[in-house]
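Structure, as structure tokens:
Here is the naming used below: chain letters follow the sequence lines, and residue numbers restart at 1 for every chain.
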Amino acid sequence: MSKMKVLVRQLNGCNRCAWHLLALESFDSISLIGHSLLGNNDNNERVDAVILTGFATRKDREMLEGFRDRADLIALFGTCPYTGGIFGLANQRGASVLPVEDLIKVDMNIAGCPPGVGTLIETLTKGTSTLMSPLCSTCNREFQKQYLKEIIHTPSWDDSTTCFNNQGLPCSGVVSAECAQRCIDFNTPCRGCVPNVNDSGPGALGYFTSLAGQMDVDTKATEWTTDMLGDKPDEITKGIPDVVGTFFRYTLAHDFKRAGRLPTTGGLCSDIMTGRLIQEAPQIAATIYGSRGISVALTLIEAYENAIGVEPSEKTREIRSELRKIQATWTKLERKPDSKRFAEIVKALKTFAGNEVLSNVYFSGFKVPLKDVEYTFDAYSIREIDWKAASGYAEDENCKVSITVDDRGIIREWSCELR
Amino acid sequence: MIIAFACENCAQGSANTAGVLRMKYDHRIKIVRVPCAGRVGPRQIIEALNNGADSVAIIGCCFGACHYNDGNLITLRRVKAMKRMFEELGFDPDMVNMYTARAAEGDTIVGDFEDMSAKTDAMLSKEVSNE
Ligand code: SF4
Ligand code: SF4
Ligand code: SF4
């Protein structure tokens with residue numbers, strides 16, 4: 001059988017997916033014609049498949065049409081090209097992030113942030129997308145049918161059996177398929193990076209707010225004596241201070257077709273970070289800052305810890321410094337990207353952070369026991385955190401982060417200078 | 001265009017009564033009949049807006065009078081969260097509203113219609129002045 005000629009092209013934003021696709025070099029059935037991370041050796045020849053990573057905007061239309069013309073098959077790898085992914089959140093402030101499918105015809109989607117290369121190979125070999133099981137069917141937590149008593153922003157840390165939605169913490173597992181990163185295994189609710197239905201954001205929001213069907217909501221009487229919904233703050237508005245970032249984390253550009261009208265903060269990443277809940281910020285930063293994500297997430301955690309006066313334990317610091325070593329290795333590798341060495345980085349991340357988007361890494365400590373470390377969990381587990389309005393600053397060898405959080409836990413100001 | 005999802009019980013009943021009385025309402029309002037206000041959620045609201053509606057309203061039975069027990073009360077929370085969502089996107093929270101009506105009284109739904117037209121007009125004129 002002749003080899004499949006494949007071209008890998010990274011569009012915009014995080015390049016973690018592109019790093020994963022370096023592994024295509026080692027598959028016998030594939031001949032890698034070009035790869036964005038390996039320099040531009042593309043001579044515009046016809047190829048069997050173009051695999052796209054990263055997010056697209058309207059400006060990419062012409063380039064994408066060019067790929068369409070020269071390839072038999074266009075496959076999207078990662079949630080970014082599929083729905084706009086997490087970068088779609090920038091549309092809140094007027095960006096024009098778009099699903100690639102809004103610009104050209106696409107043959108295959110492999111969703112995930114990031115997905116596994118195995119799923120791509122399987123899909124390419126079979127020629128069609130594989131049917132995935134719903135995430136909830138693979139989750140250890142159980143749903144009890146009942147209305148919510150309260151809406152919360154962190155899970156109860158010692159409960160590993162109750163569905164997050166039951167606890168009052170939104171989880172988009174109900175609209176997601178099984179995935180490569182499995183945040184849910186690290187006491188972190190799913191934010192829906194592998195949508196299982198066409199309108200997963202509205203679906204998840206509808207589901208959760210139905211569960212909240214008994215929370216206090218403001219109503220008022222009209223002049224003609226019937227009732228209507230009121231506009232005063234109530235348990236719903238207080239309970240869900242970031243509706244967009246919670247339910248539309250990975251699908252805003254796909255689900256809602258109007259550009260948001262908030263003023264931009266001046267940068268893509270700060271447009272995404274501003275408005276998010278502090279409790280959710282480490283994973284968001286770890287994702288959008290791509291190959292610098294480890295550093296930014298840890299520094300942001302330290303900036304807020306400094307601001308509210310939380311002292312992480314010695315073991316927590318030790319594990320964080322292991323993570324910074326992984327960051328340093330990755331940064332060095334950028335000069336000469338290599339798939340085997342990247343696989344080692346991913347493996348190390350899984351050991352010290354749970355997964356690639358650092359789901360286990362948190363303020364004050366770690367959420368669940370790490371595999372393959374000898375110390376007891378008590379030595380590095382989360383301590384009580386008093387979430388409050390605060391401003392803080394921290395830096396490391398890769399970045400300087402300053403952050404302002406308001407009394408609802410929302411990030412009001414964000415700046416991150418990469419060095 | 002304003003899409004008004006009207007439940008087939010009180011809201012649609014009230015619209016029928018208004019019709020019999022030949023009461024008038026804003027021609028921009030397009031009624032979509034639904035079995036219950038509880039049938040409407042973010043999916044339908046966003047679909048209407050993605051397809052060009054200026055605003056969306058949901059009209060159900062009065063509180064305590066829902067023919068499916070509490071469909072209207074459940075949708076209240078969904079609509080409230082969506083108002084927040086629109087604010088977070090820099091839009092007017094009046095892009096979606098929720099009302100109730102009484103089948104025997106045509107002026108209840110016509111009153112709802114007047115309120116949604118006024119709110120939509122205010123929203124659209126604010127948008128023009130911002131441009
Ligand atoms: S943000 Fe996620 S989906 Fe997008 S390129 Fe990075 S890892 Fe891939
Ligand atoms: S909604 Fe989330 S926590 Fe609940 S069962 Fe599904 S994946 Fe698990
Ligand atoms: S659990 Fe995490 S990795 Fe899996 S689908 Fe949800 S957000 Fe994505």
What part of [X] is in contact with chain A, defined as an atom under 4.5 angstrom from a non-hydrogen atom: side chain, backbone, both or neither?
X	result
B:Leu76	both
B:Asp112	both
B:Lys83	side chain
B:Ile59	neither

Do [X] and [Y] have side-chain heavy atoms sitting under 4.5 Å apart?
X	Y	answer
B:Met85	A:Phe247	no
A:Trp224	B:Asp107	no
B:Thr100	A:Met228	no
A:Thr222	B:Asp115	no
B:Glu87	A:Val243	no

Is it the case that more than 12 heavy atoms not belonging to [X] sit under 6.0 Å from its [atom1] atom?
X	atom1	value
B:Arg39	CZ	no
A:Lys220	NZ	yes
A:Glu223	CD	no

- request: Give a yes or no on whether the backbone of A:Leu229 and the side-chain of B:Asn97 come within a donor-acceptor separation of less than 3.5 Å.
  value: no
Within residues 87-102 of chain A, contacts to chain B at heavy-atom distances under 4.5 Å involve A:Gln92
Against chain B, residues from residues 200-213 of chain A with at least one heavy atom under 4.5 Å, in numeric order, are A:Pro202, A:Gly203, A:Leu205, A:Gly206, A:Thr209, A:Ser210, A:Ala212, A:Gly213
So for [X], is it side chain, backbone, both, or neither that comes closer than 4.5 Å to the heavy atoms of chain B?
X	value
A:Asp242	both
A:Tyr147	side chain
A:Pro241	backbone

Exercise. Classify the ring geometry between B:Phe86 and A:Phe256 as parallel (under 30°), tilted (30 to 60°) or perpendicular (over 60°).
Key: tilted
Interface check, chain A: of B:Ala81, B:Gly60, B:Pro42, most non-hydrogen pairs under 4.5 Å belong to B:Pro42
Looking only at B:Lys80, B:Arg78, B:Glu47, B:Glu114, the option with the highest number of non-hydrogen pairs under 4.5 Å against chain A is B:Lys80
If you compare all heavy atoms of [X] against all heavy atoms of [Y], which two are closest, and at what distance to 0.1 Å?
X	Y	result
A:Arg258	B:Leu49	NH2-O, 3.2 Å
A:Val244	B:Glu88	N-OE1, 2.8 Å
A:Thr226	B:Cys62	CG2-SG, 4.1 Å

Taking the basic N atoms (NZ, or NE/NH1/NH2) and the acidic carboxylate oxygens, is any pair closer than 4.0 Å for A:Glu235 and B:Arg77? no
